[in-house]
Participant: 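I'd like to ask some things about the structure below.
Just so you know, these numbers come straight off a predicted model, no measurement behind them. Values reported hereafter were calculated over all heavy atoms of this structure, with side chains retained and with hydrogens, waters and symmetry mates removed.
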Amino acid sequence: SSGINAEYGDPFRCLAATKKMIKAVKDAGYDKVHFMTQPIAYMTPDASIHGYMDLPEFPLALEPRICTRFEMQKYAREAFDAGIRFIGGCCGFEPYHIRAISEELVKELDWEPTFP
């Protein structure tokens with residue numbers, strides 16, 4: 001298994017990096033590798049190479065950067081379509097983010113959630 005975790009950024013930055021990893025691994029002739037993403041729940045396109053911890057808002061004022069449930073659904077769809085099957089989250093993820101991912105992928109997973 002291979003993938004990207006939190007410090008490297010928002011869902012779409014992590015997704016872009018993981019897609020590059022998938023291509024490189026497949027180009028090297030490996031086809032039975034599982035990929036994962038566990039991004040933070042903040043939009044951080046302006047973060048440095050050291051990640052979101054270098055942002056001036058860190059650690060106490062990240063709220064304006066929180067991803068919406070619609071952004072999480074888009075992230076989940078793009079990740080699934082890219083072949084990523086471990087789709088999760090890390091710092092900043094709230095239950096509604098995980099719910100949005102589950103709702104987006106429920107048909108592909110052949111599973112019926114029991115949401116209240």
Participant: Do F58 and I66 sit in the same hydrophobic cluster, where Ile, Leu, Val, Met, Phe, Trp and Tyr count as joined when their side-chain heavy atoms come under 4.5 Å apart?
Facilitator: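 They do share one cluster, since a chain of ILVMFWY contacts under 4.5 Å joins F58 to I66.
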Participant: Please name the pair of heavy atoms, one in A47 and one in L55, separated by the smallest distance, quoted to 0.1 Å.
Facilitator: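 Here A47 and L55 meet closest at CA-CD2, 3.8 Å.
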Participant: Would you give the length of the straight line joining atom NZ of K23 to atom NZ of K20, rounded to the nearest 0.5 angstrom?
Facilitator: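 So the gap between those two atoms works out to 11.5 Å.
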Participant: What about M72 and V106, same hydrophobic cluster or not, with Ile/Leu/Val/Met/Phe/Trp/Tyr joined at side-chain heavy-atom distances under 4.5 Å?
Facilitator: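 Yes; V106 is reachable from M72 via cluster members.
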Participant: Under 4.0 Å between a Lys/Arg side-chain N and an Asp/Glu carboxylate O for R77 and E108?
Facilitator: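 Salt bridge: yes.
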Participant: Would you kindly confirm whether F12 and L62 end up in one hydrophobic cluster when ILVMFWY residues are joined by side chain heavy atoms under 4.5 Å apart?
Facilitator: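 As far as the 4.5 Å side-chain criterion goes, L62 and F12 are not connected within one cluster.
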Participant: To the nearest 0.5 Å, tell me how far C91 SG sits from Y42 OH.
Facilitator: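 Between atom SG of C91 and atom OH of Y42 there are 7.5 Å.
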Participant: Pair V25, S2 - check side chain to side chain contact (heavy atoms under 4.5 Å, CB included), show working.
Facilitator: CA-CA 10 Å; V25 168; S2 186; 5.7 Å; no
Participant: For residues I98 and Y96: do they belong to one hydrophobic cluster (side chain heavy atoms under 4.5 Å, members Ile, Leu, Val, Met, Phe, Trp, Tyr)?
Facilitator: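 In one cluster: no.
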Participant: Could you go through R65 and E57, starting from their C-alpha distance and side-chain angles, then the distance that decides it, and tell me whether this counts as side chain to side chain contact (heavy atoms under 4.5 Å, CB included)?
Facilitator: CA-CA 9 Å; R65 294 176 176 266; E57 298 95 334; 3.1 Å; yes
Participant: Please name the pair of heavy atoms, one in I101 and one in G88, separated by the smallest distance, quoted to 0.1 Å.
Facilitator: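 Scanning both residues, the minimum pair turns out to be CD1-O, 4.5 Å.
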Participant: Closest approach of I84 and I87, non-hydrogen atoms and distance?
Facilitator: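 The answer is O-CD1, 3.5 Å.
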Participant: Using 0.5 Å steps for rounding, measure from the CD atom of E104 to the CZ atom of R99.
Facilitator: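 One gets 14.0 Å once the value is rounded to the nearest 0.5 Å.
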Participant: Quick one: does any side-chain atom of D10 pair with a main-chain N or O of T44 as donor and acceptor, under 3.5 Å?
Facilitator: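 It does hold such a pair.
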Participant: Minimum heavy-atom separation for I40 and A6, please, with both atom names.
Facilitator: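 In this case the closest contact between I40 and A6 is CG2-O, 3.5 Å.
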Participant: Out of curiosity, Q73 CD to E103 CD, how far, rounded to the nearest 0.5 Å?
Facilitator: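 The CD atom of Q73 sits 6.0 Å away from the CD atom of E103.
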Participant: Ignoring hydrogens and geometry, is there a side-chain-to-backbone donor-acceptor pair from E78 to Y75 under 3.5 Å?
Facilitator: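 Pair absent, no side-chain N/O of E78 close to backbone of Y75.
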Participant: Salt-bridge test for D46 and R13: reply yes if a basic N is under 4.0 Å from a carboxylate O, no otherwise.
Facilitator: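 Judged by the 4.0 Å cut-off on N to carboxylate O distance, D46 and R13 do not form a salt bridge.
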Participant: Spell out, yes or no, whether I4 and Y30 are grouped together once hydrophobic residues are joined by side-chain heavy atoms under 4.5 Å, including indirect joins.
Facilitator: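 The answer is yes; both residues are in one hydrophobic cluster.
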Participant: Return the minimal non-hydrogen interatomic distance between H97 and C67, and the atom names on each side.
Facilitator: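 Closest pair (atom of H97, atom of C67, distance): NE2-O, 2.8 Å.
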Participant: Return the minimal non-hydrogen interatomic distance between C14 and G9, and the atom names on each side.
Facilitator: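 The pair with the smallest heavy-atom distance is SG-O, 3.3 Å.
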Participant: Counting N and O atoms only, with roles assigned by atom type, does the side chain of T37 sit under 3.5 Å from a partner on the main chain of L15, one being a donor and the other an acceptor?
Facilitator: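 Between the backbone of L15 and the side chain of T37 there is no qualifying donor-acceptor contact (under 3.5 Å).
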Participant: Can you check whether F86 and F35 have ring centres sitting under 6.0 Å from each other?
Facilitator: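 That pair fails the under 6.0 Å test.
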